[in-house]
Visitor: 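The structure follows.
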Amino acid sequence: MKVLAITSNPESHSLTDAVGKAFVEGAAAGGAQVELLDLYAEAFNPVYTLADREHYLDRGAVPDDVAALQRRLASADVIALVFPVYWYTMPAMVKGLFDRVICRGFAYGREGLPGALAGKTVRILALTGGSEDWYRSSGMDKALEFQICDRTFRHYCSVEDVSLHYIGDLSMGDDSQEARDAAAGQLGKIALMGESLARRKER
């Protein structure tokens, strides 16, 4: 089986990237083939182009950069999307991934027909400044769950096994030992998640 983690953070040594790395390292320990895809390192262009629109309207081919990423998603059994939450939603780079790559003709077909993501396992790993409890009590969790998990993946992409997880109480730029220790504890849980999914899929 194959596990793919997709990260989005302009800083190459960010906690976002550390979370993605922990997830795939755990999956590798569980026996999976793994890949870590950094959208910034790939120089992914998140801007929806005229070529994307032409493809959506069945008047043109899939842009080459989009097709290359689609092949990588299609080859994975488990996909983890790892990103910091900006203004209570995904950052522009990840929104571009949804707009351009997780699109009709690939992730789902016309008339609701299943696409290349049907039946896969998806985990959304969201890094937040607030706590998980705050996201759940404020209603933000319901909004993210509905938008990303329910409508996008379950409804359109026929992905039943999808869930949202928080890596919370973070402070951007805080490199103190206390912050490092807290992050290390959360990274350990992420690694165990990756390993558990790999072992479950191997059964």
Visitor: State whether the number of non-hydrogen atoms from other residues, nucleotides or ligands found under 6.0 Å of D58 atom CG is greater than 12.
Guide: yes
Visitor: Sequence neighbours left out, what passes side chain to side chain contact (heavy atoms under 4.5 Å, CB included) with Y56? Give chain and number order.
Guide: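 Applying side chain to side chain contact (heavy atoms under 4.5 Å, CB included) to Y56 gives Y48, R104, Y108.
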Visitor: Check the pair Y88 / L144 against side chain to side chain contact (heavy atoms under 4.5 Å, CB included), numbers first and verdict last.
Guide: CA-CA 8 Å; Y88 314 111; L144 289 168; over 6 Å; no
Visitor: Anything under 3.5 Å between a donor and an acceptor, one on a side chain of residues 22-35, the other on a protein residue two or more places apart or in another chain? List them.
Guide:
| residue | atom | partner | partner atom | Å |
| --- | --- | --- | --- | --- |
| E35 | OE1 | K2 | NZ | 3.0 |
| E35 | OE2 | R72 | NE | 2.7 |
| E35 | OE2 | R72 | NH2 | 2.7 |

Visitor: Check for a donor-acceptor pair, side chain of Q186 on one end and backbone N or O of G168 on the other, with a separation under 3.5 Å.
Guide: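 Yes; judged by distance alone, with no hydrogens or angles, the pair exists.
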Visitor: Would you call D17 and K21 a salt bridge, taking side-chain N to carboxylate O under 4.0 Å as the test?
Guide: no
Visitor: Check whether S137 reaches the backbone of W134 with its side chain - one donor and one acceptor, N or O, closer than 3.5 Å.
Guide: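 A pair under 3.5 Å: yes.
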Visitor: Report the residue from V101, I102, D65 that forms a side chain to side chain contact (heavy atoms under 4.5 Å, CB included) with Q70.
Guide: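 Answer after filtering V101, I102, D65: V101.
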Visitor: For I124 and C149, which heavy atoms make the closest approach, and how far apart are they?
Guide: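 Looks like CG1-SG, 4.3 Å.
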Visitor: For Q147, is there any backbone N or O sitting under 3.5 Å from a side-chain donor or acceptor partner on T152?
Guide: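 Here the side-chain-to-backbone pair exists.
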Visitor: Classify the ring geometry between F153 and F98 as parallel (under 30°), tilted (30 to 60°) or perpendicular (over 60°).
Guide: perpendicular
Visitor: Do L125 and I167 have side-chain heavy atoms sitting under 4.5 Å apart?
Guide: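 They are in side-chain contact.
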Visitor: If every non-hydrogen atom of P91 is compared with every non-hydrogen atom of F83, which pair is closest and at what distance?
Guide: CD-CD1, 3.6 Å
Visitor: Check whether any side-chain heavy atom of Y166 lies under 4.5 Å from a side-chain heavy atom of D141, and answer yes or no.
Guide: yes
Visitor: Rounded to the nearest 0.5 Å, how far apart are CG of D169 and OG1 of T128?
Guide: 7.0 Å
Visitor: Using side chain to side chain contact (heavy atoms under 4.5 Å, CB included) as the criterion, point out the one residue from L36, L37, L39 that pairs with T7.
Guide: L36
Visitor: Could you please spell out the steps behind the side chain to side chain contact (heavy atoms under 4.5 Å, CB included) verdict for V3 and L197?
Guide: CA-CA 9 Å; V3 171; L197 287 170; 5.9 Å; no
Visitor: With distance as the sole test, does R100 use its side chain to make a donor-acceptor pair with the main-chain N or O of V66 at under 3.5 Å?
Guide: no
Visitor: Identify whether the distance between the nearest side-chain nitrogen and carboxylate oxygen of E195 and R200 falls below 4.0 Å.
Guide: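 Answer for the salt bridge query: no.
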Visitor: Any chance you could lay out the side chain to side chain contact (heavy atoms under 4.5 Å, CB included) test for C157 and K120, step after step, and finish with the verdict?
Guide: CA-CA 9 Å; C157 301; K120 296 186 184 297; over 6 Å; no
Visitor: Would you please test D52 and V47 for side chain to side chain contact (heavy atoms under 4.5 Å, CB included) and show each step?
Guide: CA-CA 9 Å; D52 294 304; V47 178; over 6 Å; no
Visitor: Kindly write out the residues that satisfy side chain to side chain contact (heavy atoms under 4.5 Å, CB included) with Y40, not counting sequence neighbours, or none if the list is empty.
Guide: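 Expected list: S8, P10, D38, M93.
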Visitor: Enter the distance from L164:CG to I148:CD1 here, rounded to the nearest 0.5 Å.
Guide: 6.5 Å
Visitor: If you round to the nearest 0.5 Å, how far is CE of M140 from OG1 of T89?
Guide: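 The CE atom of M140 is 10.0 Å from OG1 of T89, to the nearest 0.5 Å.
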